[in-house]
Number of protein chains: 2
Amino acid sequence: MTDSPGGKRGGKRERLVAGAAELVHRKGVAATSLADIAQASGVPVGNVYYYFKTKDDLLRAVIEAQVDQVEALLTGLADLPGPAERLKALVGQWERMRDVVARYGCPFGTLAADLDRRDDGLDVEAAGPIRRILDWAEDQLRALGAQDARELATTLFAGIQGGALLAGALRDPEVMSTQVRHLRQWIDTLARSRGRTSPNG
Amino acid sequence: MTDSPGGKRGGKRERLVAGAAELVHRKGVAATSLADIAQASGVPVGNVYYYFKTKDDLLRAVIEAQVDQVEALLTGLADLPGPAERLKALVGQWERMRDVVARYGCPFGTLAADLDRRDDGLDVEAAGPIRRILDWAEDQLRALGAQDARELATTLFAGIQGGALLAGALRDPEVMSTQVRHLRQWIDTLARSRGRTSPNG
DNA sequence: GTCTATAAGCCGATAGAC
DNA sequence: GTCTATCGGCTTATAGAC
């Protein structure tokens, strides 16, 4: 942030990415203009193109920031003693975000949903954060003794994303909390009786 | 639909609503222009405003069409012998739509997610189809003997919507199918042991 | 590196001929 | 009722002064 002369940037690139991430989350990709982002980031409109060649380039940077964010989250979870604790701490993240989620949805889910209607590469990239969480959850569930870890990870994360979508549509943070509580109980059940294949039964 | 002279309409209104529904599903609300809709519906651009005063008015008609669609679906399910059969037939709908869902998401979920970022009335209206399905599922689960029918309905539909979102993000119809299979098993478990409160355990 | 000014095109919405 | 032509505004992106 504090740059010496000759290479000074003033963190404008970072501010643009952060501003884009927030606006894209709140208004959606198509409804967010570069002018909006520039203004929210305190950067002149035309100057955006010095840091990002196109709007898609800026979106790519937002996705990369999300991937870093997920990576940092999962790294922090690694300290916890067991896979069940780690999985419950993961879903706890959406409990902590419940008010934002109930208003604008899950940042990862909404961005992926926004961009997966495309056909260029950006749709695949936008699924990165989700894919990373699924892979990690699969590892934890396997460590927990689950046979069909991938399917269980999908069901777990589908519960989170579906809960986030319904909480947003109904404008009710309680929906997210209820869903998180159910998923925590399910993880406990799974931890107690290892090797069970049915995620819901 | 078949009009006599003096009041002839040629079904243009219906074609506009159908075209708007399809394009809004595939490209999203903000990315779909009235010109796109008019062209897809075989109606001149300026003529759209004879049938709908604004773009939001047309969106409102799309939502109403979705509500009718949900109502027809649920009415068809009423013939089935028991609540468990009806619930399993409901989730079976997303299995049948799996290819579309894996490409463009669930029509109800994506439209609700698109519009719930707003603050005008349209965000609440867009949640109508989802709310209707939740209410119906709650009734079925209560008939099945569940104590916390509303929470179970939320968990069930969250599983569907989350599965649809993940299937879309990962571009994998199998994700939707796997999720539907899990939910069917869960309904069976629930039907066998009535009164259990935990949806996953 | 930073910023203003503006190009070129698409948007929702309107006016008015037929 | 139907359609063409078009307005004003906003969009992404660029040119070029400083």
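A, B, ... follow the sequence lines: proteins, then strands. Residue 1 opens every chain.
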Exercise for the section: Report yes or no: does B:Arg118 contribute a side-chain atom to a donor-acceptor pair with the main-chain N or O of B:Asp123 at less than 3.5 Å? Expected result: no

Exercise for the section: Mind calculating the distance between NZ (B:Lys27) and P (C:dC11) to the nearest angstrom? Expected result: 8 Å

Exercise for the section: Determine: side-chain N/O of B:Tyr50 to OP1/OP2 of D:dG1, distance under 4.0 Å, yes or no. Expected result: yes

Handout entry: Nucleotide of D:dC3, C:dA13, C:dT2 approaching A:Lys12 most closely (side-chain heavy atoms)
Key = C:dT2

Fill in the blank from the handout: To the nearest angstrom, the CZ-P distance between B:Phe52 and C:dT14 comes to 16 Å

Problem - Near-ring test B:Phe157/B:Trp94, centroid separation under 6.0 angstrom - result: yes

Exercise for the section: Give the rounded distance in Å between these two atoms: NZ of B:Lys53 and P of C:dT14. Expected result: 9 Å

Practice task
Give the rounded distance in Å between these two atoms: CZ of A:Arg15 and C1' of C:dT2.
Solution key: 12 Å

Practice task
Compute whether any side-chain donor of one residue and acceptor of the other, for A:Thr154 and B:Gln179, lie under 3.5 angstrom apart.
Solution key: no

Exercise for the section: Please check the phosphate of D:dC10 (OP1 and OP2 only) for any side-chain N or O of A:Ser33 closer than 4.0 Å. Expected result: no

Exercise for the section: Can you tell me the distance, in whole Å, between the CD1 atom of B:Ile37 and the P atom of C:dC10? Expected result: 17 Å

Exercise for the section: Tell me whether the OP1 or OP2 atom of C:dT2 has a side-chain N or O from A:Tyr51 closer than 4.0 Å. Expected result: yes

Practice task
Verify the neighbour count for atom CZ of B:Arg96: are there more than 12 heavy atoms of other residues, nucleotides or ligands below 6.0 Å?
Solution key: no

Completion exercise
When rounded to whole Å, the CG to P distance for the pair B:Asp57 and C:dG12 reads 14 Å

Problem - Interatomic distance where CG belongs to B:Asn47 and C1' belongs to D:dA5 [whole Å] - result: 14 Å

Problem - Exercise: do A:Glu151 and B:Thr178 side chains pair donor with acceptor under 3.5 Å - result: no

Exercise for the section: Among the candidates C:dC3, D:dT2, D:dA13, find the nucleotide nearest to the side-chain atoms of A:Lys55. Expected result: D:dA13

Exercise for the section: Please check the phosphate of D:dT14 (OP1 and OP2 only) for any side-chain N or O of A:Tyr49 closer than 4.0 Å. Expected result: no

Practice task
Measure the distance from CG on A:Leu34 to C1' on C:dA7 and round it to the nearest whole Å.
Solution key: 16 Å

